[in-house]
Amino acid sequence: MDADYLPFHPNPSKPSYVPPPGAVDAHCHVFGPADRFPYAPERKYTPCDASKEKLFALRDFLGFERSVIVQATCHGKDNRALVDALKASNGMARGVASVGPGITEAELHDLHEAGVRGVRFNFVKRLVDATPKEVFLGISEKIATFGWHIVVYFEAQDLEGLIPFLKQLPTIVVVDHMGRPDIARGVDHPDFQRFVTLMEEMPTLWSKVSCPERLSVEGPPLYSDVAPFARLLVDRFTDRVLWGTDWPHPNMKSHMPDDGHLVDVIPRIATDAAKQKALLVDNPMRLYWS
């Protein structure tokens, strides 16, 4: 792994919050192991291995029953590690793949059979090289026939330029980590309000209210400055929000979060049992298992 790469927390705490039965960690990753599933030559970082066994053990320890495993950029468009984890999950994991414009219907069918239900388009410039929007639109038409959705990852300052593209996509669109707002600017800042307005305008737009560890200025263990952003989205768009750990937290620079602390953020952003069930059970089950 890279010299400055922070490995995942070796001994996370048991969370105080107990998720409802059937809860889904709807954003996590597997990396490698590199001797079986080599990292992509074009990757922007080299992580530590983070195996499916470690992921499933953490899922159980934190009180979750299911996982949604998202293909990370370090594996590029080689989805073999993802598929391996899905096939080992006994139906308790679904996947979000990364594919290129040359993907065939037969290849998409094989991914679907393995448990893939979406593709990810990454617009974070420090993580990937730019891809023309036309390429993404072509992929979106192919995957729409399978009933898949699209996950998009971008940073708040880039949203305005992406809005016309997002409105062209023919499927449900899930935004990673609330569009990465600048927490220091507050909930009322035009950048975050632009995202809220877009969710109001696009009934097909969902958001993951995840990754306070990436967004917080205040930091652990409470990440209290992020809670108002996530709470606003959960309150206003209760049937279109997801939550995930983001384990093993690739490219964290400030600190490596304790996953138990991240779970304990949930009741501060979904403030009653009905909202918690929607966030952790009903919404991910509808999107990934229905």
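Taking Arg268 as the reference, nothing meets the salt bridge (charged side-chain N to carboxylate O under 4.0 Å, His left out) condition, with sequence neighbours excluded. With sequence neighbours left out, Arg185 forms a salt bridge (charged side-chain N to carboxylate O under 4.0 Å, His left out) with Asp182, Asp191.
In this structure, NZ in Lys275 is found 6.0 Å from OG1 in Thr238, a value given to the nearest 0.5 Å. Here Leu169 contributes atom CG and Leu137 contributes atom CG; the two are 6.0 Å apart, rounded to the nearest 0.5 Å. The distance from the CG atom of Asp49 to the CZ atom of Phe37 is 10.5 Å, given to the nearest 0.5 Å. Once rounded to the nearest 0.5 Å, the distance linking CG of Asn79 with CG of Asp84 reads 12.0 Å. Note: Arg214 CZ to Met178 CE = 12.5 Å, rounded to the nearest 0.5 Å. A distance of 9.5 Å separates NZ of Lys77 from CD of Gln71, quoted to the nearest 0.5 Å.
Annotation for His109: atom NE2 does not count as buried by contact number, only 12 or fewer foreign heavy atoms lying within 6.0 Å. Within 6.0 Å of atom NZ in Lys277, 12 or fewer heavy atoms from other residues, nucleotides or ligands are found, so the atom counts as exposed in its surroundings. For CD of Glu160, the number of neighbouring non-hydrogen atoms (other residues, nucleotides, ligands) closer than 6.0 Å is 12 at most.
There is no side-chain donor-acceptor pair under 3.5 Å between Ser210 and His27. Trp247 and His9 share no donor-acceptor pair across their side chains, judged by distance under 3.5 Å alone. When only modelled atom types and interatomic distance are considered, Glu213 and His249 share a side-chain donor-acceptor pair under 3.5 Å. Side-chain atoms of Asp225 and Ser216 form a donor-acceptor pair, as typed in the model, at a separation below 3.5 Å.
Closest of all the heavy-atom pairs between Thr171 and His149 is OG1-CA, 3.8 Å. What you find for Leu222 and Val265 is that their closest heavy atoms are O-CG2, 3.8 Å. Shown here for Pro7 and Cys48, the closest heavy-atom pair between the two residues is CA-SG, 3.9 Å. For Ser140 against Phe121, the heavy-atom pair with the smallest separation is N-CZ, 4.4 Å. Across all their heavy atoms, Phe237 and Val196 have their closest contact at CZ-O, 3.8 Å. Nearest heavy atoms, Tyr39 versus Thr46: CD1-CG2, 4.2 Å.
Considering only heavy atoms from C-beta on, Leu55 comes within 4.5 Å of Cys28 through its side chain. With contacts defined as side-chain heavy-atom distances shorter than 4.5 Å, the pair Phe154/Asp176 does not qualify. Considering only heavy atoms from C-beta on, Ser207 comes within 4.5 Å of Met199 through its side chain. Put simply, the side chain of Pro221 does not reach to within 4.5 Å of the side chain of Asp258, judged on heavy atoms. Looking only at side-chain heavy atoms (C-beta outward), Ile183 and Pro181 come within less than 4.5 Å of each other. Using a 4.5 Å cut-off on side-chain heavy atoms (C-beta onward), Leu262 and Leu62 make no contact. Using a 4.5 Å cut-off on side-chain heavy atoms (C-beta onward), Lys208 and Val174 make contact. Annotation: side chain of His29 is in contact with side chain of Pro248 (closest heavy-atom distance under 4.5 Å).
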Walk me through it: do Val234 and Leu232 pass the test side-chain contact (heavy atoms from CB on, under 4.5 Å)? CA-CA 6 Å; Val234 172; Leu232 184 155; over 6 Å; no
Between Leu108 and Lys142, is a side-chain contact (heavy atoms from CB on, under 4.5 Å) present by the stated rule, with each step listed? CA-CA 9 Å; Leu108 290 172; Lys142 289 183 177 183; 4.0 Å; yes
Check against side-chain contact (heavy atoms from CB on, under 4.5 Å), Glu65 and Asp60: CA-CA 7 Å; Glu65 291 185 17; Asp60 297 346; over 6 Å; no
Dump the intermediate steps for side-chain contact (heavy atoms from CB on, under 4.5 Å) on Val24 and Phe64, then the final yes or no. CA-CA 6 Å; Val24 181; Phe64 289 79; 5.6 Å; no
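A donor-acceptor pair is defined here as one N or O able to donate and one able to accept, closer than 3.5 Å; no such pair exists between the side chain of Glu141 and the backbone of Gly138. Judged by distance alone, with hydrogens and angles left aside, the side-chain atoms of Arg286 form a donor-acceptor pair with the main-chain N or O of Asp239 at under 3.5 Å. Here the side chain of Ser51 pairs a donor or acceptor atom with the backbone of Lys54 at under 3.5 angstrom. No donor-acceptor pair closer than 3.5 Å links the side chain of Arg231 to the backbone N or O of Ala270. Judged by distance alone, the side chain of Arg180 and the main-chain N or O of Leu215 form no donor-acceptor pair under 3.5 Å. Side chain of Asp264 to backbone of Tyr17: a donor-acceptor contact under 3.5 angstrom is found. Formation of a donor-acceptor pair under 3.5 Å by the Asp25 side chain with backbone atoms of Thr245 is found in this model. Side-chain atoms of Asp259 never come within 3.5 Å of backbone atoms of Pro15 as a donor-acceptor pair (strictly under, hydrogens ignored).
Taking the six-membered ring for Trp, Phe229 and Phe195 have ring centres at least 6.0 Å apart. Annotation: Phe136 is in aromatic contact with Phe123 [ring centroid separation under 6.0 Å]. The aromatic ring centroids of His261 and Tyr223 lie 6.0 Å or more from each other.
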Determine all donor-acceptor pairs shorter than 3.5 Å in which one atom belongs to a side chain in residues 85-103; sequence neighbours excluded.
residue : atom : partner : partner atom : Å
Ser89   : OG   : Leu86   : O            : 2.7
Ser89   : OG   : Gly91   : N            : 3.4
Ser89   : OG   : Met92   : N            : 3.4
Ser89   : OG   : Ala93   : N            : 3.1
Arg94   : NE   : Tyr288  : O            : 2.8

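If you chain together hydrophobic residues whose side chains sit under 4.5 Å apart, Met252 and Val217 never meet in one group.
Ring-plane geometry between Phe31 and His75 is classed as tilted, the angle between the planes lying from 30 to 60 degrees on a 0 to 90 degree scale.
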